Every structure is written in C-alpha cells, then in structure tokens.
Amino acid sequence: MTPAPPTISPGAPRFTPPNLQQDQIASPSIKNPIMLSPENGVKTGSPVPHLSTPPGPPVFTSPVRPAAVPFRTSPATPQPLAFSSGSSLPTSSPPQFPNGSAELQQQLPGATEESMPAGESPCVLFSAHKLLKHKKLANVPSLGFGVLVSPGRETSTGPQVIHRDPHRCHNCGAYSNLYSNILIGSGQWQCVICWNLNGSEGEYIASSKEELRNFPELSSPLVDFIQTGNKRPSFVPVTDSRTSAPVVLVIDECLDEAHLQHLQSSLHAFVDSVPPTTRIGIILYGSTVSVYDFTEESIASADVIPGGTSPTQETLKGLIYGTGIYLSPMHASKEVAHLIFSSLRPYKLNVPEVSRDRCLGTAVEVAMAIIQGPSVDMSRGVVKRPGGNSRIIVCAGGPNTYGPGSVPHSYTHPNYPHREKTAIKWMERLGREAHQHNIVVDILCAGTCPVRVPVLQPLANASGGVLVLHDDFGEAFGVNLQRASARAASSHGLLEIRCSDDILVTQVVGPGEEANIDTHETFKNDMAVSIQMLSVEETQCFSISMQNKHDIKSDYVFFQFAIQYSNVYQADIARVITIRLPTVDSVSAYLQSVQDEVAAVIIAKRTLLQAKSYSDAIDMQTTIDERVKDIASKFGSQVPKSKLYRFPKEISLLPELLFHLRRGPLLGSIVGHEDERSVLRNLFLNASFDLSLRMIAPRCLMHREGGTFEELPAYDLAMQSDTAVVLDHGTDVFIWL
C-alpha cells in the first residue's frame, strides 16, 4: 500500500510575507501599523544590509535589562547577531549563540559528523532534536513532529559556495552530503536516503578521509551550488537586481482630500528614494484607467482606457506600440513623476467611499501589459531578461467595485455571495498569470474604508506578493511603499524534501503549491515532495508536518532539503541542507529534545489554516484547549487519587505559548475588523520563525525614565507612573503610558 501524498494546503495563502518592521515609537499612540522592511525580528544576514532601504526607525542604544524573574525571554533556537539596518528594539540577549550555530559554521571545513549539533541549521528548525522510535507515540497528533524551513534566509557566516554541478543519487535524486559513506579508493558514495551506491566520476578518490573534507558538501550541512553565465547563453551580468526590473504604481484616484494629501507626500518621498536606473510606470484608476506618458516633460499627460471591461488586444497594442513612453528610468523621469503626483485631485462627487467606482482589476491588467511590452533596452539594443521580479504596487483606498473582479458596493446586494466567489476566482487567475510573467503584485491598502480583503488577497497571494493594511497613507505607508519596491525576490523556486524511508511528509503550509512533475528533473525512484515556490525571499517559511510510517529500527533518520532558484543576479542556485537526527526509545529523552517555541509555531500554523473566518477562529480556540489536555494525558503523569494529569515538565513553555495564541490577535478578538484579522492570519501562515513567534507570544519591555528597557514576562501588569510598557507583537507595537 503506498502512503498518501502530503497535502499542500490550498488554504495556505500563496504569497510572500513581508519583512515587517515596527513603527517609530514617537507618539503616545496605542497601536502602530505594519511596516515592511528588509529584515524582520532578528536578522541573520551579512553585516552590510544588502537591500537599499530607507532609514529605519531609531535604534534604542540603552541596554535591555534582563527580567527580574527567571523565565525564558528569547527564542530557544540559535539567534545570530542582529545587523538590522532598522530593528527598532534591542535584542534581549547578548550576542552569543546558545545552541552552537556559530561554532557549527566556523568549525567547517574541519567539521566531523560527531561534532555537528543535531538538527542545527539557521534555515531549518525541527520541533524536536530527537525522534521517537515508536510509531504510536511519535504520531500523537496533539504534539506532532515537524520542521520550519526558511529557503531564502541568510546565514550568519554565509553558506559554503560551490561553482560546479552537484553529485546526485542516480536512483532518488538526493545530493551527496557530509553523512554519505565514501569509498575513497573508487570515489563511490552511498546515498543516505535510499542507500544506493553512486559514482563521482573519480572526484571523491582520495588518499584519506581527511582529504575529503576539502569538499564543502562533504563537510558542511548547508551548501550553495551556483551556476552562472558561462553555462547559460542567455546570461547577462547585471550589477543590481533593480536595474532592469520595472516598478509600476497603480494608484486609487477616488480619495478624499485628507487621504490624498498624505498619499501625495508618500509618493513624492518614494520618487526621491528610488535608484536612478529603476524603470517606473504610473497608472491611476477610478471608473477609467489613466496610463501616464513620460514623453511630455512639462505637463502630466495620460492615455485613458475604459475600466468597465478587460482591455482588448487592440487597445493594448495601440498603447504598447504607440508613441507614448509608459516605463522610464527614474533619472530621466523624476521631474515628470513629481509633476504627475502634484497634479492629483481629490474625489469630487458626493458618493460614499465604499460606493465609488474603482476598476482595480482592469488597472492591474494594463500594468501587466505595459511590463510585458517590447522590453528592448534602447541603449544597447539588447533584450534583457529582467533580474528578479517586476513589481506592481497597488495603492488602494477602497474595494474593487467596477469592471472585472469587482464586487457590489453593498454586502446586502442579493447577488453578493455569488459575485464575491466569481471575483475571487478572477483575481486568483490574474495573480497566476502575473506569476507566470515574473510579476509580483503587492497591494498596500490604507484608510478606514473596508477593502474586501478576501477578494484582493488571492491576487497578491498567487503572484507571490503581499497585502498590507494601514491606518492612513502617511509615514508608515510611505516607508512600506519604498520597501516594497526594493524587496529583492528571487524567482523560479522549487523546494524538494527528501527523508529516510521511515518518515512520511503529511502536510506543507507556506507560500507555494504542489509542483507539476514536468517542472523539475525526475529520477528513477524519486520520492521527494516537491513544492513550486512563488518567489524566494528571506522572510518566508514553510511549515512541514511529518509522521513515522512504522516503528523505526535505525539509530538515525536523515532529512535533506534542496531549494533551486534563480537569484536576482540571474545565477541558478541549488541550496542543499542535510540534517541527521538521532532516534530514541525514551519518551523523557524525546520530550527534553522538543523545542517548545518551534513546536508552538508549527501547531499554530496548522491551527490557523483551519481558521478561515471569525467563527472558525472561535472553534479553533476550543481545539487548542483539547490539544493541551491530550498532550498531558499522553505524555504527562497522572495526579495521585485524581483523574487529572500533570503537563510534562520538559515542555512547560508550550502551554504558555498556546495560551497566548488562543487569546491573541490571530484567534482571539483583540483586533477589531475581520479584514485585519484575515490579513494577519495570511501573513502568519508564511512568516519566518522569528516573526511567527512574536505574533503568537508578544515580547514585553518596560521603559523606565532613565532610558533603560527591562524585559518582563507577558503576564498581567500593574502600571507604574514612571514607566511605559512596550509590547512587541511582531507586526505591531503597542505602547501603554
């Protein structure tokens, strides 16, 4: 009997989580909106941030004092140093690497198998560092076993880079790695996944095992194989990912004066921040679509297209092959762009915000057509393949109520449910089409008018983009606009998961979908679970749930994660991560190896997948309670003379994290509008471990008058007159004065 294939949840939103940055703590406001940034939480990149971003909020220089009571303040997983260009709060712990991730990278290439910490890699976090041999206990669903994989995450010292083709198993497609047995006389190596013996074309022939350590893939758990232009005739070296990939702004013109003024100042700041070589396009939409032409240097002029239906081929041909210039490098069009934004006028008719005609769908279709138009680089006469993804950034102040993909103005419309269903399908199809053409659609919403998130979200999801809500078009919106245009995203991503025969992958949650068999190489007996990634970014994460197929006999189980993608400099990269975990009979030894915080994030992602509406979220609160009871009854000890069970002390932090999940914004009712809850849940399902953990369990800091921060447990607090309490919830910062 063949095991059932894993479910790659269709409910898992297909989009890239943004890099989230807390807002500036400047005023005594209660809540600050989400900010996109090139890092979230603790960044693990190189000391020099590799994205050109606007300056972040001020960094507090005063030290954080540890909490007065003994409790865990920082994630259990290794937290490399934060080199963030704008992380708003200082890290709570001094720069040390508790679980040996730093030593792991530094002891290479002389690392031996025995010295590798089990289950350690910055890109891969397991819910436990040991596996139970007994199938029945290992597969208890309330606790479960899984792994968080962050394919694009940068590592503190950078991976070992190899400029040649990898050696792969002829039988199952797995890569040679530091756990492979190698016959040094013949250079043959044995696959750890299927135990097949493979040749290495004589490359692994060596006089001693020590000599083999010179091969990075045989000494490091994480390596990047890189292929560049010499093997690919279409390769054109590009100095910066954003030199050739255009950014098109699609702007809502149905705004009232107050909102428009904020938007204009954000747009002017955006123009000043964009690199001079970036090509930019500007489109406005209301009941019609206005495509601005950069040929006129002293006036703002636009070609206008009806918004009620999708543009015809003739209309688009007239636009693309006409005399107008709709995409222009910033250095040539900065003055015109400022002129266009200064010429915007507020909405004049006496119509409520929610009822105004907005043809957002048609506008995005036109933007896609302009990006795909004749993309000849006139300076050289060469057609360049854009490095990375082109971007469409939608600035929306209300719902799509006119033309394709639209919904009626009012929820009470008799046909609303059917129209919404049709609109969602249309938006998803448009998003998929954008993804096929390497175009990412980000939707930045602002204002108090509901934007009907369920309709717009599929467009962002399917294209590999993100939807973010803001209170207004002011500073937070402006910074996000700049960061959205500067986000470096790689493309054509494929994630392959291979495990020892004892392990079955049961579910994958994250920004991807099941890969079609013709999109990647096939081997004779390739049992890999393959996921097509919609883009490859640093802050993405896949949550992968696994089970034992049967009782495990061996002492170790092997896992290999291979991520293939084209980076923004057009090089093809295969990142290979191989992890070996020991197996144990002892339940206590297993529980001691459980990483409470990773386990909590995986449980939360599986739970949130079921919470598609507010009523679902309420039901999920009950399942959290049942889950805690079940873990106690399966792994805990019974209280004498009672039917109650003690929760196992080895994982005592887990119920506290699940308590925060139950009452926090993801499942609780702290956040007011369902649009906001829906956006948070979508972000969470794809967010990195650091951000996910903060969204579940906030970090509480008390700011004293002297300028110091003290970290507190996030329990009930008694306020004091000389202190301010700052609650870092990942996507938002709450301040009590």
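Residues: numbered from 1 along the sequence shown. A quick note: this is a predicted structure, and the numbers were derived from the prediction, not measured.
- Contact between I424 and P454 at its shortest, heavy atoms only, is CG1-O, 3.4 Å.
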Q: Show your working on side-chain contact (heavy atoms from CB on, under 4.5 Å) between L683 and V679 and close with a plain yes or no.
A: CA-CA 6 Å; L683 287 175; V679 168; 4.2 Å; yes
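- Using a distance-only test at 3.5 Å, with no hydrogens or angles considered, no donor-acceptor pair links the side chain of D572 to the main chain of S566.
- For G307 against P404, the heavy-atom pair with the smallest separation is O-CD, 4.0 Å.
- Here the side chains of L360 and M427 are in contact, with some heavy-atom distance below 4.5 Å.
- Considering only heavy atoms from C-beta on, K317 stays 4.5 Å or farther from T312 through its side chain.
- T288 has its side chain out of reach of P306: every pair of non-hydrogen atoms, C-beta onward, lies at least 4.5 Å apart.
- Side-chain contact between P151 and F542 is present, with heavy atoms from C-beta onward closer than 4.5 Å.
- Taking 4.5 Å as the limit, some side-chain heavy atom of F473 sits within range of a side-chain heavy atom of L255.
- Between the side chains of Q457 and N682, at least one donor-acceptor pair of N or O atoms lies under 3.5 Å.
- Not a single donor-acceptor pair under 3.5 Å links the side chain of S333 to the backbone N or O of V336.
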Q.
Run the side-chain contact (heavy atoms from CB on, under 4.5 Å) test on L680 and M695 for me, step by step, so that the C-alpha distance in whole Å, both residues' side-chain angles and the decisive distance to 0.1 Å come before the verdict.
A. CA-CA 9 Å; L680 280 180; M695 288 177 81; 3.9 Å; yes
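- H435 places no side-chain N or O within donor-acceptor distance of the main-chain N or O of S463, the cut-off being under 3.5 Å.
- Listed for the T539 side chain is no donor-acceptor partner under 3.5 Å among the backbone atoms of S688.
- In this structure, D472 contributes its side chain and G474 its backbone to a donor-acceptor pair below 3.5 Å.
- Scanning both residues, R452 and P408, for their nearest heavy atoms gives NH1-O, 3.0 Å.
- Residues Y416 and S410 share a closest heavy-atom pair of CD1-O, 3.4 Å.
- Once rounded to the nearest 0.5 Å, the distance linking CG of L444 with CG of L469 reads 10.0 Å.
- Looking at S266, its side chain does come within 3.5 Å of a backbone N or O of H262 through a donor-acceptor pair.
- In plain terms, the two heavy atoms of Q264 and L344 that are nearest each other are NE2-O, 3.4 Å.
- The structure places SG of C359 at 10.0 Å from CD of E365, a figure rounded to the nearest 0.5 Å.
- Applying the salt bridge (charged side-chain N to carboxylate O under 4.0 Å, His left out) criterion to D303, with sequence neighbours excluded, gives no partner residue.
- The closest donor-acceptor contact from the side chain of T401 to the backbone of R358 lies under 3.5 Å.
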Q.
Run the side-chain contact (heavy atoms from CB on, under 4.5 Å) test on I280 and F270 for me, step by step, so that the C-alpha distance in whole Å, both residues' side-chain angles and the decisive distance to 0.1 Å come before the verdict.
A. CA-CA 11 Å; I280 187 174; F270 170 78; 3.7 Å; yes
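- Side chain to side chain, R279 and Y326 fail the donor-acceptor criterion of an N or O pair below 3.5 Å.
- Residues V394 and Y285 are in side-chain contact: their nearest non-hydrogen atoms beyond the backbone lie under 4.5 Å apart.
- How far CD1 of I370 is from CD1 of I282: 11.0 Å, rounded to the nearest 0.5 Å.
- Minimum heavy-atom separation, V304 to S290: CG2-OG, 4.0 Å.
- Classified by interplanar angle (parallel below 30°, tilted 30° to 60°, perpendicular above 60°), the ring pair H470/F477 is perpendicular.
- No donor-acceptor pair under 3.5 Å is formed between the side chain of R677 and the backbone N or O of P665.
- Taken to the nearest 0.5 Å, the CD1 atom of I443 stands 5.0 Å off from the CG atom of L456.
- Rounded to the nearest 0.5 angstrom, D357 CG and Y347 OH are separated by 6.5 Å.
- Side chain to side chain, N400 and S406 fail the donor-acceptor criterion of an N or O pair below 3.5 Å.
- Taking 4.5 Å as the limit, some side-chain heavy atom of E353 sits within range of a side-chain heavy atom of H259.
- Using a distance-only test at 3.5 Å, with no hydrogens or angles considered, no donor-acceptor pair links the side chain of Q372 to the main chain of H437.
- For the residue pair T295/D293, the side-chain donor-acceptor check at 3.5 Å is satisfied.
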Q: Using the side-chain contact (heavy atoms from CB on, under 4.5 Å) rule, take H268 and S342 through it: C-alpha gap first, then chi angles, then the decisive distance, then the call.
A: CA-CA 8 Å; H268 285 305; S342 299; 3.3 Å; yes
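- The pair D256-R356 meets the salt-bridge criterion, since a charged nitrogen lies less than 4.0 angstrom from a carboxylate oxygen.
- Residues R432 and E513 are paired through a salt bridge, judged by an N-O separation under 4.0 Å between the basic side chain and the carboxylate.
- Counting only distance, with no hydrogens or angles, the side chain of H413 and the backbone of N415 share a donor-acceptor pair below 3.5 Å.
- Here the CD1-CD1 distance, from I283 to I251, works out to 9.5 Å after rounding to the nearest 0.5 Å.
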